[in-house]
Colleague: 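First the structure, which I've put down as structure tokens, then a few questions once you've had a look.
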Amino acid sequence: MKSYNILYYTWSESTALDTISTLKEMGHNVLISSDHREKYDNDDFFISSIKAKVESHKVDFIFSYNYFPDLSRVASEENILYIAWCYDSPLLTLKSITLGNDCNRVFLFDYDSYDKYIKEGFKTVFYMPLGCNTSRLNSLINKKYDGRKTYKHEVCFLGNLYNDQYDFYSQIKHLPDYLKGYLDSAMEAQMQLFGMDIISSLMNQNICEELAKYVDAKLGTLYRESTREVLINIIHKQTTVRERIRLLTVLGEFFNVSLYSSKKPDNIPVKYQGYAEYMNQMPEVFHSSKINLNITYRGITSGIPLRVIDILGSSAFCLTNYQSELPMYFQNNENIVWYESQEDLFEKIIFYLKNDSERERIANNGHELAKKLFSYDILFNKIFEEAGV
């Protein structure tokens, strides 16, 4: 395999250390950059700094998680490739006017998003599921547990409730009753459906034009028109806020539920455990939980979230809401378990809490599948091949 000089721009994302170690183990030279940015886009100092690194280290291509328009600008000027692997969806920087630059190789894990950009005519966008460092996780789990089954939690949810300063819907001071009623009804309907995005279709032009009167949804001249997408994302996020709080509240009344999150919730009957650090604490939380619950962010309309991959990589049992891409990789009740309604979720929690051997069999199968399909080294080889480096 050819060895590349890779400029890896990191913004302190949780996957950085695993990615760096994997790329080095694959034989590549990795130059790490965490250059400060004064502006999110079109930052002259940042561009100059990255450009100097590319030239002085004879970089073959630039890599980052998520898409940064300024990295594309540098790659375009230097006539090298820029590979971006996006694990946020939706990602509004993809609306940048730079997305069509020939240097770009942008990989999306959500097939719906990928398909949308392909239909818009972009040849710089590709599909790739997310991954994890299964070899490190194996070593960590084996060292910590040595094959023993030690459970601290019955049902565990690790993730944000999103009821924070970035929940822009809750910050809207006033909406007309008819508009609020329409949006409330749309969100309620969406919460009853899994594997299907109806918010986007319900947010028609008239509704978006009306909602835009109360929300600043413009991204500026460096971006293609995206007001509707911004508004849809606001509603997707608020739907997720409501869904996660509702499910955890109901589950907490019947089961022993632990919550790991950056913020302690109010009036939810769960055991708040604080924040779990990604590299060491999170895998241990997953492995020591009988059932790890995933409630997908509604902006991820088809794809498999990183949380699911992290759970499987940690040799743990994953119970997730249905996503349309799950059958592409998994068999339900064989290497993962998905639910299709709140009632289905309840029944499966009851069943798998009572059936330890079946639950552990599925967790083991899921881990073996993760090693075969979602290991970083396997996926990076696919990315580099498709990128044509």
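Just so you know, these numbers use all the heavy atoms, side chains as well, and skip hydrogens, waters and symmetry mates.
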Colleague: Examine Ile378 and Leu108 and state if one hydrophobic cluster contains both, with Ile, Leu, Val, Met, Phe, Trp and Tyr joined whenever side-chain heavy atoms are less than 4.5 Å apart.
Modeller: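 Shared cluster, no.
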Colleague: Indicate yes or no for a side-chain donor-acceptor contact from Asn66 to the backbone of Cys86 under 3.5 Å, with no hydrogens or angles considered.
Modeller: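 Answer holds: no.
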Colleague: Would a distance-only check, ignoring hydrogens and angles, find a side-chain to backbone donor-acceptor pair under 3.5 Å from Ser76 to Ser72?
Modeller: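 Such a contact is absent between Ser76 side chain and Ser72 backbone.
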Colleague: Hey, are Asn160 and Ser262 close enough side-chain-wise for a donor-acceptor pair under 3.5 Å?
Modeller: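 Yes - a donor-acceptor pair under 3.5 Å links their side chains.
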Colleague: Quick one: does any side-chain atom of Arg105 pair with a main-chain N or O of Tyr82 as donor and acceptor, under 3.5 Å?
Modeller: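 Pair absent, no side-chain N/O of Arg105 close to backbone of Tyr82.
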Colleague: Check the surroundings of atom CG in Asn204: do more than 12 heavy atoms from other residues, nucleotides or ligands lie under 6.0 Å from it?
Modeller: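 For Asn204, atom CG is crowded (more than 12 foreign heavy atoms under 6.0 Å).
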Colleague: Just checking Phe317 against Tyr151, ring centres under 6.0 Å apart?
Modeller: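 No.
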Colleague: Does the side chain of Asn335 come under 3.5 Å of the side chain of Tyr329 through a donor N or O and an acceptor N or O?
Modeller: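 Per modelled atom types, Asn335 and Tyr329 side chains form no pair under 3.5 Å.
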Colleague: Determine whether the side chains of Ser258 and Asn256 contain a donor N or O and an acceptor N or O closer than 3.5 Å.
Modeller: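 No, no side-chain donor-acceptor pair sits under 3.5 Å.
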Colleague: Can you spot which of Arg298, Gln342, Gln238, Gln190 makes a side chain to side chain donor-acceptor pair (under 3.5 Å) with Glu243?
Modeller: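 It is Arg298; the other options fail the test.
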Colleague: State plainly whether one hydrophobic cluster holds both Tyr67 and Leu306, where clusters connect Ile, Leu, Val, Met, Phe, Trp and Tyr through side-chain heavy atoms under 4.5 angstrom apart.
Modeller: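 Both belong to a single hydrophobic cluster.
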Colleague: Quick check against the 3.5 Å criterion: does Ser302 have a side-chain atom that pairs as donor or acceptor with the backbone of Tyr111?
Modeller: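 Present.
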Colleague: Report yes if the side chains of Asp60 and Val389 come closer than 4.5 Å at any heavy-atom pair, otherwise no.
Modeller: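 No, too far: nothing below the 4.5 Å cut-off.
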Colleague: Can you classify the ring geometry of Tyr297 versus Tyr162 as parallel (below 30°), tilted (30 to 60°) or perpendicular (above 60°)?
Modeller: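 Tyr297 vs Tyr162 ring planes: perpendicular.
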Colleague: Below 30° counts as parallel, above 60° as perpendicular, anything between as tilted: where do the rings of His28 and Tyr4 land?
Modeller: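 Parallel.
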Colleague: For the side chain of Ser96 and the backbone of Thr98, is there at least one donor-acceptor N/O pair under 3.5 Å apart?
Modeller: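 Such a contact is found between Ser96 side chain and Thr98 backbone.
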Colleague: Do Asp112 and Lys116 sit within salt-bridge range, that is, some charged N less than 4.0 Å from a carboxylate O?
Modeller: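 No.
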Colleague: Is there side-chain contact between Ser314 and Leu137, with at least one heavy-atom pair below 4.5 Å?
Modeller: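 Ser314 vs Leu137: side chains touch.
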Colleague: Taking atom NZ of Lys39 as the centre, report whether more than 12 heavy atoms of other residues, nucleotides or ligands fall under 6.0 Å from it.
Modeller: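 Atom NZ in Lys39 is packed in, count exceeds 12.
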Colleague: Assess the residue pair Phe346 and Leu251 against the criterion (side-chain contact (heavy atoms from CB on, under 4.5 Å)); give the C-alpha distance rounded to whole Å, side-chain angles, the decisive distance to 0.1 Å, and a yes or no.
Modeller: CA-CA 8 Å; Phe346 262 73; Leu251 292 177; 3.6 Å; yes
Colleague: Considering all heavy atoms of both residues, which atom of Leu130 and which atom of Ile304 are nearest to each other, and what is their separation?
Modeller: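 So the two residues come closest at CD1-O, 4.3 Å.
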Colleague: Begin from the C-alpha positions of Tyr117 and Val106 and carry the test side-chain contact (heavy atoms from CB on, under 4.5 Å) through to its verdict.
Modeller: CA-CA 11 Å; Tyr117 286 106; Val106 182; over 6 Å; no
Colleague: Under the 3.5 angstrom rule, does the side chain of Arg359 hit a backbone N or O of Tyr352 as a donor-acceptor pair?
Modeller: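 Confirmed, Arg359 side chain pairs with Tyr352 backbone.
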Colleague: Would you check if the side chain of Asn104 reaches a backbone N or O of Leu99 as a donor-acceptor pair within less than 3.5 Å?
Modeller: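 Yes.
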Colleague: Looking at Asp43 and Phe45, would you say the former's side chain and the latter's main chain have a donor-acceptor pair under 3.5 Å?
Modeller: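 A pair under 3.5 Å: yes.
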Colleague: In this structure, are over 12 heavy atoms from other groups packed under 6.0 Å from Lys53 atom NZ?
Modeller: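 Enclosed.
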Colleague: The criterion is side-chain contact (heavy atoms from CB on, under 4.5 Å); which residues satisfy it with Met328, sequence neighbours excluded?
Modeller: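 Partners of Met328 under the side-chain contact (heavy atoms from CB on, under 4.5 Å) test: Tyr127, Glu325.
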Colleague: When you check the side-chain N and O atoms of Tyr9 and Arg37, is any donor under 3.5 Å from an acceptor?
Modeller: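 Result is yes, a qualifying pair exists.
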Colleague: Applying side-chain contact (heavy atoms from CB on, under 4.5 Å) to Ile245 and Ile268, what does each step give before you reach the verdict?
Modeller: CA-CA 7 Å; Ile245 291 175; Ile268 300 180; 4.0 Å; yes
Colleague: Tell me whether the count of non-hydrogen atoms from other residues, nucleotides or ligands lying under 6.0 Å of CD in Glu13 goes above 12.
Modeller: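 Yes, because the 6.0 Å sphere around CD of Glu13 holds more than 12 heavy atoms from other groups.
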Colleague: Which word best sums up how the rings of Phe107 and Phe126 line up, parallel for under 30°, tilted for 30 to 60°, or perpendicular for over 60°?
Modeller: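 Plane angle under 30°, so parallel.
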Colleague: Honestly curious: do Met279 and Ile141 fall in one hydrophobic cluster under the side-chain, below-4.5 Å linking rule?
Modeller: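 In one cluster with Met279: Ile141, no.
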Colleague: Would you name the heavy atoms of Phe63 and Thr19 that are closest together and state the gap between them?
Modeller: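 Nearest pair, atom of Phe63 first, then Thr19: CE2-CG2, 4.1 Å.
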Colleague: Measure the acute angle between the ring planes of Phe380 and Phe384, then classify it against the limits of 30° and 60° as parallel, tilted or perpendicular.
Modeller: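 Taking Phe384 first and then Phe380, their aromatic rings sit tilted (interplane angle of 30° to 60°).
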Colleague: Is it the case that the side chain of Thr10 and the backbone of Ser34 share a donor-acceptor pair, with hydrogens and angles ignored and the cut-off at 3.5 Å?
Modeller: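 No.
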Colleague: Could you label the plane-to-plane angle of the Tyr145 and His287 rings as parallel, tilted or perpendicular, counting under 30° as parallel and over 60° as perpendicular?
Modeller: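 Tyr145 vs His287 ring planes: tilted.
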Colleague: Applying ring pair (Phe, Tyr, Trp, His ring centres under 6.0 Å), which residue pairs with at least one partner in residues 176-225 are found, sequence neighbours left out?
Modeller: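 Sorted result for residues 176-225: Phe194-Tyr339.
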Colleague: Is the backbone of Ser261 close enough, under 3.5 Å, to the side chain of Tyr272 for a donor and an acceptor to pair up by distance?
Modeller: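 Checked: pair present.
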Colleague: Does CD belonging to Gln205 count more than 12 external heavy atoms closer than 6.0 Å?
Modeller: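 No - once you tally the heavy atoms of other residues, nucleotides and ligands closer than 6.0 Å, there are 12 at most.
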Colleague: Taking the side chain as every heavy atom from C-beta outward, state whether Pro269 and Thr249 have any pair of such atoms under 4.5 Å apart.
Modeller: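 Side-chain contact under 4.5 Å: yes.
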